[in-house]
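What follows is one structure encoded as C-alpha cells, with my remarks underneath.
Only heavy atoms go into these numbers, but all of them, side chains included; no hydrogens, no water, no symmetry mates. As the structure is a computational prediction, the values presented were derived from the model and not from experiment. So you know, we letter chains A, B, ... as the sequences are listed, proteins then strands, and number each from 1.
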Number of protein chains: 2
Amino acid sequence: MPSAPAHTQRRKQRAAVFKALGHPARLQIVEELADGERCVCELVDLVGLGWSAVSRHLSVLKAAGILDDEKRGLQVYYRLALPCVKSFTACLDAARRGEAVEVRRCCG
Amino acid sequence: MPSAPAHTQRRKQRAAVFKALGHPARLQIVEELADGERCVCELVDLVGLGWSAVSRHLSVLKAAGILDDEKRGLQVYYRLALPCVKSFTACLDAARRGEAVEVRRCCG
DNA sequence: TGACTATTTCGCATTTCTGCGAAACAGATC
DNA sequence: GATCTGTTTCGCAGAAATGCGAAATAGTCA
C-alpha cells in the first residue's frame, strides 16, 4: 500500500463534510435550508453576518457537497444536497436527550 | 431573552460534534472504534501520530459526546458512544457514489 | 516505598480559520 | 453602453487548532 491509500483520500473527503458542518453559522445555514431553498440575501439576514462571511460559508458547504446552488434571475439560490444531514442532527438531539439511540436505516 | 438564546447554545453543541469529526485523524479514530473498543496505545499505532496528539484528539471526541472511556487495569479504553455516526458516514459514501439517498429512519 | 507503565497536560511554533470592508464581477434594466 | 443589484473574491488582523517534546499524573507491581 502506498503512502496515500484510497482510505486516506476518502477519509479526507468525509472529514471535509464534517468540518464544513462544524461551525455554528454553517450549521444554522443548513438548518434554514432544511425547510427549502433560500437566496443569499435571505441567509445574510437569518445568520446575522456580513455578505462576505456568508458567501464564504456557503462556498465551503458547497465544496463539501452539502449544498447545491442555482442562479435564477438576479439571485443565487442554495438548497440542501444531502438530506441525511437532517436525520443525523435529529439523532444527535435524541442522544443528547438521553433517548435510546437505535440505528435502523439512514439511507436507502 | 439575553444575547445567547437556547437555539444558539444547542447549535453550538451540535457544531462541536461535527467539528470534532471534521479532522482526518479523529475520523479515523471513530472508524477504528466502530468495530469495538480500543486502548490508547492501539490507537497511537493505528493513527500514526504521537501520544500527545492522539490523547488530545480523544479528549476532543469525548468532550463532544462521541466517545466514552473507561479505565481498566493499566489502560484506558475508548468506545463509540454515538452509533449513528456509522450510518451517517455510510450515507455520505452512498451519496458520493451517486446512489439515491433516501432517508428513512436514522434513529429509533 | 520506589521504579515502571500508560496516559494526560503544558508550552511553543506553525498553520489554518474567521469576519470585516473594499474591490471585482455578472446579469438585468434603462 | 451606463448603471444598479446581488454575489463573490481579495487582503488583512485577530483567534483558534495542530503536532511535537518535555513534564506531570495515576495506577500497578516488585
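Residue contacts shown for B/Arg72 are absent, as no nucleic acid heavy atom lies under 4.0 Å away.
In this structure, the CG atom of B/Asp69 is 13 Å from the P atom of D/dG27, given to the nearest Å. A/Glu42 has its CD atom 12 Å from the P atom of D/dG6, to the nearest Å. Between the NZ atom of B/Lys71 and the C1' atom of C/dT7 there is a distance of 7 Å, rounded to whole Å. Remark: P of D/dG6 and CG of A/Asp45 are 11 Å apart, rounded to the nearest angstrom. Put simply, CD1 on B/Ile29 is 10 Å from P on D/dG19, counting in whole angstrom units. Atoms CG (B/Leu27) and P (D/dT18) sit 13 Å apart, rounded to a whole Å.
Near DNA chain D, meaning a heavy atom under 4.0 Å from it, residues 51-67 of chain A has A/Trp51, A/Ser52, A/Ser55 in order of number.
Distances shown here put every side-chain N or O of B/Tyr77 at or beyond 4.0 Å from the OP1 or OP2 atom of C/dT7. Residue A/Lys19 has a polar side-chain atom (N or O) positioned under 4.0 Å from OP1 or OP2 of C/dC17. An OP1 or OP2 oxygen of C/dT15 is reached within less than 4.0 angstrom by no side-chain nitrogen or oxygen of B/His23. Phosphate contact (OP1/OP2 of D/dG6, side-chain N/O of A/Tyr78, threshold under 4.0 Å): absent.
Formation of a donor-acceptor pair under 3.5 Å by the B/Gln28 side chain with backbone atoms of B/Leu46 is found in this model. Of the possible polar contacts, one joining the B/Glu42 side chain to the B/Cys39 backbone as a donor-acceptor pair under 3.5 Å is found. Between the side chain of A/Ser55 and the backbone N or O of A/Trp51 there is no donor-acceptor pair closer than 3.5 Å. In this structure, the side chain of A/Arg38 does not engage the main chain of A/Leu43 through any donor-acceptor pair within 3.5 Å.
The side chain of B/Val40 sits closest to C/dT7 out of D/dT7, C/dT7, C/dG27. Of all nucleotides listed (C/dA6, D/dT7, D/dG6), C/dA6 comes nearest to the side chain of B/Gln75. With D/dT7, D/dT5, D/dT18 as the candidates, the nucleotide lying closest to the side chain of A/Leu74 is D/dT5.
Hydrophobic clustering, with ILVMFWY side chains joined whenever heavy atoms are under 4.5 angstrom apart, keeps B/Val60 apart from B/Phe18.
The existence of a salt bridge linking B/Glu31 and A/Arg10 is excluded, since no basic side-chain nitrogen approaches an acidic carboxylate oxygen closer than 4.0 Å. A salt bridge does not link A/Arg79 with A/Asp69: every distance from a Lys NZ or Arg NE/NH1/NH2 to an Asp or Glu carboxylate oxygen is 4.0 Å or more.
The residue among A/Ala25 and A/Gly73 whose nearest nucleotide of DNA chain C is located toward the 5' end is A/Ala25.
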